[in-house]
**Q** 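Following this message is one structure expressed as C-alpha coordinates.
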Amino acid sequence: MSEVDAAAKPVEAVDAAQAQPTEAQAQTTEEKPAEEKPAEASAAEDKPAEQSASVDSALLKTKAKTDYDNLKNNRKFDPSTREVTDDPDAIRKQVEFYFGDWNFPQDKFMWETCGGADNKPVPIKTLHTFKRMRIFQPYTAVVAALRDSTFLEVSGEEGEELVKRKVAYKPMPTAKAKAEAATVYVKGFGDETPQTQFELEKFFGDFGSVKGIKLRRTNENLFKGSVFVTFADEETAKKFIALDPAPKWNDHDLKIMSKHDYCEEKSELIRQGKLDPSGAPQRKFYEGRDSNARGGRGRRGGPHQDDWKKRREHDQKDGFQDRRGGGRGRGRGGRGRGGRGGRDRDRDSRPGRDDRRDDRRPPQDEKPVSTNDVKLPQIQTAADDKPANSTTNGKRAREDDDGGAKDAPVAKKVDVKED
(Lines give C-alpha, C1' and ligand atoms only; values in the text may rest on other atoms or scores of the structure.)
Protein backbone atom coordinates (compact mmCIF):
# COMPACT_ATOMS: atom_id res chain seq x y z
CA MET A 1 0.00 0.00 0.00
CA SER A 2 1.24 3.43 -0.81
CA GLU A 3 2.61 5.07 2.31
CA VAL A 4 4.37 8.14 0.95
CA ASP A 5 3.14 11.14 2.88
CA ALA A 6 2.84 14.82 2.43
CA ALA A 7 5.79 16.50 4.11
CA ALA A 8 5.48 17.89 7.61
CA LYS A 9 8.08 18.67 10.22
CA PRO A 10 8.03 16.11 13.08
CA VAL A 11 6.95 18.72 15.61
CA GLU A 12 3.70 18.00 17.35
CA ALA A 13 1.17 20.83 17.03
CA VAL A 14 -0.51 22.26 20.09
CA ASP A 15 -4.19 23.08 20.18
CA ALA A 16 -5.10 26.11 18.08
CA ALA A 17 -7.64 27.06 20.72
CA GLN A 18 -4.91 28.80 22.71
CA ALA A 19 -4.93 31.55 20.09
CA GLN A 20 -8.65 32.36 20.55
CA PRO A 21 -9.36 34.70 23.51
CA THR A 22 -12.84 34.89 24.97
CA GLU A 23 -15.09 37.84 24.21
CA ALA A 24 -14.63 39.27 27.70
CA GLN A 25 -10.86 39.06 27.37
CA ALA A 26 -10.98 40.80 24.00
CA GLN A 27 -12.95 43.70 25.50
CA THR A 28 -10.51 44.00 28.37
CA THR A 29 -7.61 44.17 25.94
CA GLU A 30 -9.25 47.02 24.01
CA GLU A 31 -9.97 49.10 27.12
CA LYS A 32 -6.52 48.87 28.70
CA PRO A 33 -2.98 49.13 27.34
CA ALA A 34 -1.19 45.84 26.86
CA GLU A 35 1.31 46.59 29.62
CA GLU A 36 -1.52 47.02 32.15
CA LYS A 37 -3.19 43.66 31.49
CA PRO A 38 -4.23 42.05 34.79
CA ALA A 39 -2.43 38.93 35.93
CA GLU A 40 -5.77 37.11 35.99
CA ALA A 41 -6.25 37.66 32.24
CA SER A 42 -2.77 36.34 31.47
CA ALA A 43 -3.42 33.26 33.54
CA ALA A 44 -6.71 32.68 31.76
CA GLU A 45 -5.01 32.84 28.36
CA ASP A 46 -2.47 30.22 29.47
CA LYS A 47 -5.19 27.68 30.28
CA PRO A 48 -5.85 26.53 26.69
CA ALA A 49 -2.16 25.69 26.28
CA GLU A 50 -2.24 23.71 29.51
CA GLN A 51 -5.38 21.89 28.39
CA SER A 52 -3.80 21.09 25.02
CA ALA A 53 -0.70 19.74 26.75
CA SER A 54 -2.84 17.53 28.96
CA VAL A 55 -4.67 16.15 25.90
CA ASP A 56 -1.40 15.37 24.14
CA SER A 57 -0.01 13.76 27.28
CA ALA A 58 -2.79 11.17 27.10
CA LEU A 59 -1.72 10.12 23.61
CA LEU A 60 0.65 7.26 22.90
CA LYS A 61 4.01 8.83 22.02
CA THR A 62 6.67 7.77 19.54
CA LYS A 63 10.06 7.00 21.06
CA ALA A 64 11.97 5.55 18.10
CA LYS A 65 15.19 7.28 17.09
CA THR A 66 16.05 8.20 13.52
CA ASP A 67 18.72 6.06 11.87
CA TYR A 68 20.59 8.57 9.70
CA ASP A 69 23.18 6.00 8.57
CA ASN A 70 20.60 3.74 6.94
CA LEU A 71 17.26 5.44 6.33
CA LYS A 72 15.68 2.15 5.23
CA ASN A 73 15.83 0.96 8.82
CA ASN A 74 13.42 3.72 9.84
CA ARG A 75 10.57 2.06 7.94
CA LYS A 76 9.49 -0.97 9.97
CA PHE A 77 6.78 -2.25 7.64
CA ASP A 78 7.49 -5.88 6.74
CA PRO A 79 4.71 -7.96 5.13
CA SER A 80 6.96 -11.01 4.95
CA THR A 81 6.14 -11.69 8.61
CA ARG A 82 2.57 -12.64 7.63
CA GLU A 83 1.48 -16.18 6.86
CA VAL A 84 1.32 -17.40 3.26
CA THR A 85 -2.25 -17.69 1.98
CA ASP A 86 -4.30 -18.34 -1.16
CA ASP A 87 -7.37 -16.44 0.08
CA PRO A 88 -9.08 -15.18 -3.12
CA ASP A 89 -10.85 -12.30 -1.34
CA ALA A 90 -7.58 -10.99 0.11
CA ILE A 91 -5.88 -11.31 -3.29
CA ARG A 92 -8.61 -9.39 -5.12
CA LYS A 93 -8.77 -6.71 -2.44
CA GLN A 94 -5.05 -6.05 -2.66
CA VAL A 95 -4.78 -5.95 -6.46
CA GLU A 96 -7.95 -3.89 -6.83
CA PHE A 97 -6.40 -1.42 -4.40
CA TYR A 98 -3.39 -0.99 -6.69
CA PHE A 99 -5.70 -0.11 -9.62
CA GLY A 100 -8.24 1.80 -7.52
CA ASP A 101 -9.12 5.47 -7.98
CA TRP A 102 -7.39 6.47 -4.73
CA ASN A 103 -4.03 4.73 -5.18
CA PHE A 104 -3.64 4.61 -8.97
CA PRO A 105 -3.19 8.38 -9.69
CA GLN A 106 -0.61 8.79 -6.92
CA ASP A 107 1.28 5.53 -7.45
CA LYS A 108 4.05 6.50 -9.86
CA PHE A 109 4.98 2.92 -10.81
CA MET A 110 1.42 1.85 -11.53
CA TRP A 111 0.60 5.06 -13.39
CA GLU A 112 3.63 4.90 -15.67
CA THR A 113 3.40 1.13 -16.24
CA CYS A 114 -0.25 1.41 -17.29
CA GLY A 115 0.28 4.60 -19.24
CA GLY A 116 -2.14 6.47 -16.98
CA ALA A 117 -5.55 6.74 -18.61
CA ASP A 118 -4.31 4.59 -21.56
CA ASN A 119 -5.09 1.58 -19.35
CA LYS A 120 -2.30 -0.67 -20.61
CA PRO A 121 -2.33 -4.17 -19.07
CA VAL A 122 0.27 -5.18 -16.48
CA PRO A 123 1.81 -8.67 -16.23
CA ILE A 124 0.41 -10.40 -13.17
CA LYS A 125 3.89 -11.79 -12.58
CA THR A 126 5.09 -8.20 -12.09
CA LEU A 127 2.43 -7.55 -9.45
CA HIS A 128 3.28 -10.84 -7.78
CA THR A 129 6.78 -9.51 -7.03
CA PHE A 130 5.36 -6.74 -4.80
CA LYS A 131 6.14 -7.25 -1.11
CA ARG A 132 2.50 -7.49 -0.08
CA MET A 133 1.75 -9.90 -2.93
CA ARG A 134 4.47 -12.42 -2.14
CA ILE A 135 2.43 -13.99 0.65
CA PHE A 136 -0.20 -15.02 -1.91
CA GLN A 137 0.82 -18.43 -3.20
CA PRO A 138 0.78 -20.21 -5.59
CA TYR A 139 0.80 -17.92 -8.62
CA THR A 140 -2.12 -19.83 -10.17
CA ALA A 141 -4.26 -18.93 -7.12
CA VAL A 142 -3.60 -15.24 -7.80
CA VAL A 143 -4.68 -15.58 -11.44
CA ALA A 144 -7.81 -17.52 -10.51
CA ALA A 145 -8.83 -14.93 -7.91
CA LEU A 146 -8.41 -12.02 -10.35
CA ARG A 147 -10.49 -13.74 -13.03
CA ASP A 148 -13.47 -13.44 -10.67
CA SER A 149 -12.97 -9.70 -10.12
CA THR A 150 -15.75 -7.36 -11.22
CA PHE A 151 -13.29 -4.46 -11.38
CA LEU A 152 -10.35 -6.05 -13.24
CA GLU A 153 -9.94 -7.90 -16.53
CA VAL A 154 -7.48 -10.77 -17.08
CA SER A 155 -6.08 -11.69 -20.50
CA GLY A 156 -3.06 -13.43 -22.03
CA GLU A 157 -1.74 -16.94 -22.34
CA GLU A 158 -1.34 -19.30 -19.43
CA GLY A 159 1.67 -18.36 -17.35
CA GLU A 160 1.89 -14.92 -19.00
CA GLU A 161 -1.42 -13.44 -17.88
CA LEU A 162 -2.04 -9.69 -17.95
CA VAL A 163 -4.46 -7.59 -15.89
CA LYS A 164 -5.99 -4.14 -16.30
CA ARG A 165 -9.04 -2.17 -15.23
CA LYS A 166 -12.27 -3.00 -17.02
CA VAL A 167 -13.00 0.72 -17.18
CA ALA A 168 -10.01 3.00 -17.69
CA TYR A 169 -9.18 5.59 -15.08
CA LYS A 170 -10.57 8.98 -16.02
CA PRO A 171 -9.02 12.07 -14.42
CA MET A 172 -11.68 14.29 -12.90
CA PRO A 173 -11.09 17.82 -11.56
CA THR A 174 -13.20 17.17 -8.46
CA ALA A 175 -11.82 13.73 -7.59
CA LYS A 176 -8.90 14.98 -5.51
CA ALA A 177 -11.06 17.50 -3.64
CA LYS A 178 -13.60 14.80 -2.78
CA ALA A 179 -10.86 12.51 -1.49
CA GLU A 180 -9.46 15.33 0.67
CA ALA A 181 -12.91 16.00 2.14
CA ALA A 182 -13.18 12.31 3.08
CA THR A 183 -9.76 12.24 4.77
CA VAL A 184 -9.28 12.28 8.54
CA TYR A 185 -6.17 13.03 10.58
CA VAL A 186 -5.63 10.67 13.53
CA LYS A 187 -2.71 10.83 15.95
CA GLY A 188 -1.58 8.67 18.86
CA PHE A 189 -0.42 5.32 17.48
CA GLY A 190 3.06 5.23 19.01
CA ASP A 191 6.04 3.57 17.36
CA GLU A 192 5.76 1.52 14.18
CA THR A 193 6.10 -2.26 14.11
CA PRO A 194 6.20 -4.62 11.11
CA GLN A 195 2.44 -5.16 11.58
CA THR A 196 1.31 -1.57 12.20
CA GLN A 197 0.01 -1.03 8.66
CA PHE A 198 -2.14 -4.16 8.77
CA GLU A 199 -3.38 -3.38 12.28
CA LEU A 200 -4.44 0.10 11.22
CA GLU A 201 -6.29 -1.24 8.19
CA LYS A 202 -8.29 -3.56 10.43
CA PHE A 203 -8.86 -0.84 13.04
CA PHE A 204 -10.31 1.73 10.64
CA GLY A 205 -12.15 -0.90 8.60
CA ASP A 206 -14.46 -1.44 11.56
CA PHE A 207 -15.80 2.12 11.16
CA GLY A 208 -16.61 2.10 7.46
CA SER A 209 -15.25 1.49 3.98
CA VAL A 210 -11.66 2.74 3.71
CA LYS A 211 -9.99 3.71 0.44
CA GLY A 212 -6.49 4.10 1.81
CA ILE A 213 -4.32 4.86 4.83
CA LYS A 214 -1.11 6.87 4.76
CA LEU A 215 1.29 6.52 7.64
CA ARG A 216 2.75 10.00 8.10
CA ARG A 217 6.54 9.95 8.08
CA THR A 218 9.46 12.30 8.44
CA ASN A 219 11.75 12.94 5.47
CA GLU A 220 13.91 10.16 6.93
CA ASN A 221 10.96 7.68 6.75
CA LEU A 222 10.40 7.53 10.51
CA PHE A 223 6.74 7.05 11.49
CA LYS A 224 5.30 10.10 13.29
CA GLY A 225 2.60 8.18 15.13
CA SER A 226 -0.18 9.74 13.06
CA VAL A 227 -2.02 8.87 9.85
CA PHE A 228 -4.29 10.24 7.15
CA VAL A 229 -7.14 7.82 6.54
CA THR A 230 -9.41 8.31 3.52
CA PHE A 231 -12.91 6.89 3.86
CA ALA A 232 -15.28 6.08 1.01
CA ASP A 233 -16.98 9.48 1.24
CA GLU A 234 -17.17 12.66 3.30
CA GLU A 235 -20.25 11.49 5.20
CA THR A 236 -18.45 8.40 6.52
CA ALA A 237 -15.50 10.55 7.56
CA LYS A 238 -17.76 12.96 9.49
CA LYS A 239 -19.45 10.07 11.29
CA PHE A 240 -16.08 8.75 12.40
CA ILE A 241 -15.01 12.17 13.71
CA ALA A 242 -18.30 12.56 15.62
CA LEU A 243 -18.15 9.17 17.35
CA ASP A 244 -18.94 9.36 21.08
CA PRO A 245 -17.16 7.88 22.87
CA ALA A 246 -14.22 8.45 20.56
CA PRO A 247 -12.24 5.40 19.40
CA LYS A 248 -9.09 4.46 21.35
CA TRP A 249 -5.88 2.71 20.36
CA ASN A 250 -4.63 0.13 22.86
CA ASP A 251 -6.58 1.97 25.62
CA HIS A 252 -4.95 5.29 24.69
CA ASP A 253 -6.81 8.37 23.50
CA LEU A 254 -6.54 9.53 19.92
CA LYS A 255 -6.52 13.03 18.46
CA ILE A 256 -9.10 12.98 15.65
CA MET A 257 -9.97 15.79 13.24
CA SER A 258 -10.57 16.33 9.55
CA LYS A 259 -7.51 16.81 7.37
CA HIS A 260 -8.75 20.27 6.45
CA ASP A 261 -9.00 21.32 10.11
CA TYR A 262 -5.57 19.84 10.83
CA CYS A 263 -3.97 21.84 8.01
CA GLU A 264 -5.76 25.01 9.15
CA GLU A 265 -4.57 24.48 12.72
CA LYS A 266 -1.00 23.94 11.65
CA SER A 267 -1.01 26.99 9.37
CA GLU A 268 -2.32 29.14 12.22
CA LEU A 269 0.40 27.92 14.59
CA ILE A 270 3.04 28.71 11.98
CA ARG A 271 1.53 32.17 11.47
CA GLN A 272 1.68 32.81 15.22
CA GLY A 273 5.30 31.68 15.34
CA LYS A 274 4.51 28.75 17.63
CA LEU A 275 5.53 26.15 15.05
CA ASP A 276 8.39 26.20 12.57
CA PRO A 277 7.52 25.62 8.91
CA SER A 278 8.43 22.25 7.49
CA GLY A 279 11.74 21.74 5.74
CA ALA A 280 12.14 20.46 2.19
CA PRO A 281 8.87 18.79 1.18
CA GLN A 282 8.64 15.22 0.03
CA ARG A 283 7.82 14.59 -3.59
CA LYS A 284 4.15 14.28 -4.42
CA PHE A 285 3.12 12.39 -7.53
CA TYR A 286 -0.39 12.73 -8.90
CA GLU A 287 -1.72 11.83 -12.35
CA GLY A 288 1.68 11.93 -13.98
CA ARG A 289 2.88 15.15 -12.37
CA ASP A 290 5.62 15.30 -9.76
CA SER A 291 4.98 18.54 -7.86
CA ASN A 292 8.51 18.81 -6.45
CA ALA A 293 10.59 17.55 -9.38
CA ARG A 294 10.93 20.92 -11.07
CA GLY A 295 13.92 22.70 -12.43
CA GLY A 296 14.90 26.25 -11.67
CA ARG A 297 14.35 27.59 -8.21
CA GLY A 298 13.47 25.14 -5.49
CA ARG A 299 14.23 21.46 -5.79
CA ARG A 300 15.60 20.45 -9.15
CA GLY A 301 14.46 17.38 -10.97
CA GLY A 302 16.73 14.91 -12.67
CA PRO A 303 19.03 12.26 -11.24
CA HIS A 304 20.30 12.30 -7.66
CA GLN A 305 17.89 15.08 -6.63
CA ASP A 306 17.82 13.71 -3.07
CA ASP A 307 21.60 13.43 -2.63
CA TRP A 308 23.46 16.75 -2.74
CA LYS A 309 26.88 15.09 -3.12
CA LYS A 310 25.79 13.16 -6.18
CA ARG A 311 24.09 16.28 -7.54
CA ARG A 312 27.34 18.17 -7.17
CA GLU A 313 29.29 15.46 -8.99
CA HIS A 314 26.63 15.38 -11.69
CA ASP A 315 26.79 19.18 -12.06
CA GLN A 316 30.58 19.21 -12.22
CA LYS A 317 30.59 16.49 -14.85
CA ASP A 318 28.08 18.42 -16.98
CA GLY A 319 29.81 21.77 -16.51
CA PHE A 320 26.92 23.09 -14.35
CA GLN A 321 24.77 23.42 -17.46
CA ASP A 322 21.55 22.79 -15.58
CA ARG A 323 22.06 25.59 -13.10
CA ARG A 324 19.88 28.66 -13.25
CA GLY A 325 22.22 31.49 -14.24
CA GLY A 326 25.12 29.11 -14.79
CA GLY A 327 27.62 30.75 -12.41
CA ARG A 328 28.58 30.40 -8.80
CA GLY A 329 27.53 33.87 -7.79
CA ARG A 330 25.43 36.77 -8.94
CA GLY A 331 27.38 39.70 -7.48
CA ARG A 332 29.27 42.37 -9.36
CA GLY A 333 32.68 40.94 -8.71
CA GLY A 334 31.73 37.28 -8.54
CA ARG A 335 32.01 34.53 -11.08
CA GLY A 336 28.34 34.40 -12.03
CA ARG A 337 25.94 36.98 -13.46
CA GLY A 338 27.33 40.51 -13.50
CA GLY A 339 30.86 39.24 -12.82
CA ARG A 340 33.84 39.04 -15.10
CA GLY A 341 32.85 35.99 -16.99
CA GLY A 342 33.78 32.85 -15.12
CA ARG A 343 31.57 29.91 -15.96
CA ASP A 344 28.90 32.25 -17.27
CA ARG A 345 30.88 33.38 -20.30
CA ASP A 346 29.29 30.93 -22.71
CA ARG A 347 25.81 30.76 -21.20
CA ASP A 348 24.19 32.25 -24.31
CA SER A 349 25.56 29.41 -26.44
CA ARG A 350 23.93 26.67 -24.38
CA PRO A 351 20.97 24.77 -25.79
CA GLY A 352 17.64 26.30 -24.86
CA ARG A 353 19.09 29.60 -23.65
CA ASP A 354 18.47 31.66 -26.77
CA ASP A 355 14.70 31.21 -26.75
CA ARG A 356 14.42 32.60 -23.25
CA ARG A 357 16.73 35.53 -23.80
CA ASP A 358 15.67 36.85 -27.24
CA ASP A 359 12.99 39.11 -25.80
CA ARG A 360 15.47 40.73 -23.45
CA ARG A 361 18.10 41.93 -25.96
CA PRO A 362 17.79 43.94 -29.21
CA PRO A 363 18.48 42.42 -32.63
CA GLN A 364 22.12 42.35 -33.63
CA ASP A 365 21.56 44.71 -36.63
CA GLU A 366 19.86 47.39 -34.53
CA LYS A 367 22.02 50.52 -34.32
CA PRO A 368 22.59 52.36 -31.04
CA VAL A 369 20.84 55.68 -30.79
CA SER A 370 22.17 58.72 -28.91
CA THR A 371 19.54 60.84 -27.22
CA ASN A 372 21.53 63.99 -28.10
CA ASP A 373 21.95 63.12 -31.79
CA VAL A 374 25.71 63.11 -31.28
CA LYS A 375 27.71 60.27 -32.81
CA LEU A 376 29.33 58.20 -30.12
CA PRO A 377 33.07 57.51 -30.13
CA GLN A 378 33.95 54.02 -31.31
CA ILE A 379 36.44 51.63 -29.80
CA GLN A 380 38.31 49.90 -32.57
CA THR A 381 40.04 46.58 -32.19
CA ALA A 382 42.83 45.15 -34.24
CA ALA A 383 40.35 42.80 -35.82
CA ASP A 384 38.47 45.80 -37.28
CA ASP A 385 41.37 46.88 -39.53
CA LYS A 386 39.46 45.93 -42.67
CA PRO A 387 38.12 47.93 -45.62
CA ALA A 388 34.90 49.77 -44.88
CA ASN A 389 32.96 47.74 -47.41
CA SER A 390 34.00 44.37 -46.00
CA THR A 391 31.75 42.14 -43.94
CA THR A 392 31.76 43.14 -40.28
CA ASN A 393 29.73 40.31 -38.84
CA GLY A 394 26.80 42.55 -37.94
CA LYS A 395 28.87 45.47 -36.51
CA ARG A 396 28.64 49.08 -37.75
CA ALA A 397 31.00 49.80 -40.62
CA ARG A 398 33.57 52.57 -40.26
CA GLU A 399 32.70 55.83 -42.04
CA ASP A 400 36.24 57.08 -42.86
CA ASP A 401 35.76 56.99 -46.65
CA ASP A 402 32.45 58.85 -47.05
CA GLY A 403 33.31 61.65 -44.70
CA GLY A 404 30.27 61.01 -42.56
CA ALA A 405 32.33 60.97 -39.36
CA LYS A 406 34.70 63.87 -39.99
CA ASP A 407 33.34 65.90 -37.11
CA ALA A 408 33.28 62.96 -34.70
CA PRO A 409 36.07 62.39 -32.17
CA VAL A 410 39.01 60.35 -33.34
CA ALA A 411 38.41 56.68 -32.72
CA LYS A 412 40.60 55.17 -30.07
CA LYS A 413 42.59 52.17 -31.19
CA VAL A 414 42.85 49.36 -28.68
CA ASP A 415 44.98 46.29 -29.16
CA VAL A 416 43.41 43.06 -28.00
CA LYS A 417 45.57 40.09 -27.29
CA GLU A 418 44.40 36.94 -28.93
CA ASP A 419 44.28 33.80 -26.80
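The figures here come from the full heavy-atom set of this structure, side chains too, leaving out hydrogens, waters and symmetry mates.
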**Q** Salt-bridge test for Lys284 and Asp290: reply yes if a basic N is under 4.0 Å from a carboxylate O, no otherwise.
**A**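 Looking at Asp290 together with Lys284, the answer is no, because their closest N to O distance does not fall below 4.0 Å.
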**Q** Kindly say whether Thr126 contributes a backbone atom to a donor-acceptor pair with the side chain of Thr129 at under 3.5 angstrom?
**A**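 A pair under 3.5 Å: yes.
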**Q** Could you walk me through whether Tyr262 and Lys187 pass the side chain to side chain contact (heavy atoms under 4.5 Å, CB included) check?
**A** CA-CA 11 Å; Tyr262 164 75; Lys187 169 188 169 185; over 6 Å; no
**Q** Indicate the atoms forming the closest heavy-atom contact of Lys248 with Leu254, along with that distance.
**A**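 Looks like C-CD1, 4.1 Å.
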**Q** Could you report the tightest heavy-atom contact between Ala117 and Ala168, atom names first, then the distance?
**A**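 Nearest heavy atoms, Ala117 then Ala168: O-CB, 3.7 Å.
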**Q** Inspect the contact between Glu199 and Lys202 and indicate whether a charged nitrogen and a carboxylate oxygen are less than 4.0 angstrom apart.
**A**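 Judged by the 4.0 Å cut-off on N to carboxylate O distance, Lys202 and Glu199 do not form a salt bridge.
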**Q** Does the Asp67 side chain pair with the main chain of Asn74, one donor and one acceptor, at a distance under 3.5 Å?
**A**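 Here the side-chain-to-backbone pair does not exist.
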**Q** Near Gln137 CD, under 6.0 Å, is it more than 12 heavy atoms from other residues, nucleotides or ligands?
**A**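 More than 12 heavy atoms, drawn from other residues, nucleotides or ligands, come within 6.0 Å of this atom.
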**Q** With a 4.0 Å cut-off, would you call Glu180 and Lys176 a salt bridge?
**A**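 Salt bridge flag = no for Lys176 with Glu180.
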**Q** Could you walk me through whether Tyr98 and Phe130 pass the ring pair (Phe, Tyr, Trp, His ring centres under 6.0 Å) test, one step at a time?
**A** CA-CA 11 Å; Tyr98 293 140; Phe130 294 180; 5.2 Å; yes
**Q** Show the nearest heavy-atom pair for residues Phe136 and Gln94, with the distance to one decimal.
**A**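 Smallest heavy-atom distance, with atoms named: CE1-CB, 4.1 Å.
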**Q** For a salt bridge (charged side-chain N to carboxylate O under 4.0 Å, His left out) check, start with the C-alpha distance between Lys93 and Glu201, then their side-chain angles and the critical distance, and finish with the verdict.
**A** CA-CA 12 Å; Lys93 182 179 179 180; Glu201 290 172 11; 5.8 Å; no
**Q** Any donor-acceptor pair under 3.5 Å linking the side chain of Thr193 with the backbone of Gln195?
**A**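 Such a contact is found between Thr193 side chain and Gln195 backbone.
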**Q** List the steps, then state whether salt bridge (charged side-chain N to carboxylate O under 4.0 Å, His left out) holds for Glu161 with Lys125.
**A** CA-CA 8 Å; Glu161 291 85 357; Lys125 284 185 175 180; over 6 Å; no
**Q** Using a 3.5 Å distance criterion without hydrogens, assess whether the side chain of Thr62 forms a donor-acceptor pair with backbone atoms of Ala64.
**A**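 It does not hold such a pair.
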**Q** Taking atom CZ of Phe203 and atom CD1 of Ile213, what is their separation to the nearest 0.5 Å?
**A**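 Here the rounded value is 9.5 Å.
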**Q** Does the pair Arg92 and Ser149 meet the rule for a side chain to side chain donor-acceptor pair (under 3.5 Å), with working shown?
**A** CA-CA 7 Å; Arg92 279 192 296 270; Ser149 173; over 6 Å; no
**Q** If you define the side chain from C-beta out and look only at heavy atoms, does anything of Trp111 sit under 4.5 Å from Tyr169?
**A**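 Side chain of Trp111 against side chain of Tyr169, heavy atoms only: contact under 4.5 Å found.
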**Q** Does the Asn119 side chain pair with the main chain of Arg165, one donor and one acceptor, at a distance under 3.5 Å?
**A**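 Such a contact is found between Asn119 side chain and Arg165 backbone.
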**Q** Measuring from atom NZ of Lys76 to atom CG of Leu215, what distance do you get when rounded to the nearest 0.5 angstrom?
**A**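 That separation rounds to 13.5 Å.
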**Q** Working note: Phe151 + Lys166, criterion side chain to side chain contact (heavy atoms under 4.5 Å, CB included); need CA distance, chi angles, decisive distance, verdict.
**A** CA-CA 6 Å; Phe151 179 69; Lys166 288 187 176 181; over 6 Å; no
**Q** Which value, rounded to the nearest 0.5 Å, describes the distance between Phe240 atom CZ and Phe207 atom CZ?
**A**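 Phe240 CZ to Phe207 CZ: 5.5 Å, rounded to 0.5 Å.
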**Q** Should we say atom NE2 of His252 is surrounded by more than 12 heavy atoms from elsewhere, each under 6.0 Å from it?
**A**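 Counting other residues, nucleotides and ligands, NE2 of His252 exceeds 12 neighbours.
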**Q** Less than 4.5 Å apart, any side-chain heavy atom of Thr230 and any of Lys214?
**A**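 The answer is no; the side chains never approach within 4.5 Å.
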**Q** Could you tell me which non-hydrogen atom of Phe189 sits nearest to which non-hydrogen atom of Ser226, and how far apart they are?
**A**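 Smallest heavy-atom distance, with atoms named: CD1-CA, 4.3 Å.
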**Q** Might you point out which heavy atoms bring Pro79 and Ile135 nearest each other, and give the distance in Å?
**A**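 That would be O-CG2, 3.6 Å.
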**Q** Measure the shortest side-chain to side-chain distance between Phe97 and Trp102 over non-hydrogen atoms and say whether it is less than 4.5 angstrom.
**A**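 Sidechains of Trp102 and Phe97: in contact.
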